[in-house]
Amino acid sequence: MPFRETFDRHRRWVPAIAFVGGFVWDAVTLGQTIKTTDLFILLGYLAGAATILVLIGREVKFRFAHYINAVLQFFFGGIFSALFIFYFLSSSDLPGYLVVVALAGVLVGNEFLGSKYNELTLSWAFFTLCAIMFFNFALAHLFRSISIFWFYVGTLIALLLVFALRRVSLRERASIWPAVGVAAVMLALHAVNAIPPVPLVKKEMLVAHELRKAGGGYVAKVESPRWRFWRTSARTFHRSGSERVYCFTSVFIPEGITTTIHHRWQVEQNGDWVTTSVVPIRIAGGRKTGYRGYSYKQNVTPGEWRVIAEAESGAAIGIISFEIEKGAPGKMKELKM
């Protein structure tokens, strides 16, 4: 049976197969950290999508033109599945997770919009979102900096690229304004720190009774989590006397990038979180298991506490909540970090 007839007969299953296969492929090949090779993969997806959009706009006819929408769908799906993984790893608070949920929605929706891509208005909006989120990664790696300046530069580059491709495609009747709207929404989300602080990825965060350097790493003494096997340490911190409360954080950052994160210590008072101190921690990239740093407080009162690890922009990298109670700690264990 000719391939085209087989493809047409099973077309309804293509979206599901592409979704599952593309997501699994990206999950296996991209891993839990962002590497230069990953960016080249995304660049290939982006370039492939740009080429197909121009071909659709120019209404180029060739032997395999029948499959061009499915290929475009694959490129968009590949980009979105990779972005979903990266942004999920970098999310630590509700706004960040909402962005990830939105990405998941776009990823699923992409699998059922193949027939709409010929209209190009939707395609330019999709491409703009892909390009903005790609350059958010790429410029950080290229310039070895995670300054918010590069997010705005990346957004501008994405818009200019879309305008240029639209002109080359000779399909100027397709509206470009939805693409501009996408850029505006992304800028607004970034302004309120709702965009996860990629390429920073939290690897570990815990509170400890003791913390010391040992053999090029750290050894932390923590209370055992008892039945909560998914936690590294217990949520309740039993504090005796005036002992310190340590907060340890391990953050992955690409090689060559140096930045400052902050530990924001907060205590709950009358239903509100009140900041008691903000401690800067200088970190450098390149370590696969994450760059380690810590802060501590000595004058703490019993109650609900949390520590937010923040990027320089103020976006949350990680959050750990715990309750401080007076009394001797229970079973303790040592963790090598």
Side-chain angles (χ1 to χ4, degrees), residues 22 26 38-58 68-69 71-87 90 95-96 98-142 148-192 194-196 198-199:
D26 282 339
D38 300 333
L39 294 177
F40 278 110
I41 292 172
L42 290 181
L43 180 60
Y45 289 155
L46 197 66
T51 301
I52 291 178
L53 289 175
V54 171
L55 293 176
I56 292 175
R58 286 178 169 267
I68 197 168
N69 280 357
V71 177
L72 180 60
Q73 196 172 20
F74 170 80
F75 285 137
F76 277 148
I79 294 171
F80 278 119
S81 59
L83 292 174
F84 176 84
I85 293 169
F86 286 162
Y87 279 72
S90 294
L98 290 177
V99 171
V100 171
V101 170
L103 274 178
V106 172
L107 176 59
V108 174
N110 168 74
E111 304 305 324
F112 302 97
L113 292 173
S115 62
K116 300 293 184 180
Y117 289 144
N118 280 335
E119 299 173 6
L120 285 187
T121 296
L122 174 65
S123 297
W124 294 132
F126 266 53
F127 185 86
T128 302
L129 179 60
C130 292
I132 290 173
M133 303 188 84
F134 168 75
F135 287 123
N136 193 22
F137 284 99
L139 294 181
H141 282 256
L142 180 61
I148 60 174
F149 171 75
W150 298 116
F151 181 86
Y152 298 112
V153 171
T155 301
L156 177 61
I157 293 174
L159 274 178
L160 293 176
L161 181 61
V162 169
F163 275 96
L165 289 171
R166 178 171 173 264
R167 174 163 294 188
V168 172
S169 71
L170 303 180
R171 184 83 72 86
E172 297 196 7
R173 67 177 181 272
S175 177
I176 203 71
W177 290 111
V180 176
V182 167
V185 169
M186 293 296 291
L187 290 172
L189 290 173
H190 192 272
V192 297
I195 301 294
V198 292

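Note that the structure is a prediction, hence the values are computed from the model and not measured.
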Taking ring-ring contact (aromatic ring centres under 6.0 Å, His included) as the definition, give me every residue that meets it alongside F127, ordered by chain and number, with sequence neighbours left out.
none
What pairs with F163 under ring-ring contact (aromatic ring centres under 6.0 Å, His included), at least two apart in sequence or on another chain?
none
State the CG-CG distance between L161 and L156, to the nearest 0.5 angstrom.
11.0 Å
Within residues 126-140 or reaching into it, pairs that qualify as side chain to side chain donor-acceptor pair (under 3.5 Å) - sequence neighbours excluded
Y87-N136
Heavy atoms of W124 and S169 approach each other most closely as CZ2-OG, 3.7 Å
So, for A138 and L39, which heavy atoms are closest and what is the spacing to 0.1 Å?
CA-CD1, 4.1 Å
Counting only heavy atoms not in F40, do more than 12 fall under 6.0 Å of its CZ?
no
Indicate yes or no: at least one non-hydrogen side-chain atom of [X] is less than 4.5 angstrom from one of [Y].
| X | Y | answer |
| --- | --- | --- |
| L53 | L165 | no |
| C130 | L46 | yes |
| F151 | L139 | no |
| Y45 | L42 | yes |

Please report the C-alpha distance between Y152 and T155 in whole Å, then the side-chain angles of each, then the deciding distance to 0.1 Å, and finally whether the side-chain contact (heavy atoms from CB on, under 4.5 Å) criterion is met.
CA-CA 5 Å; Y152 298 112; T155 301; 5.5 Å; no
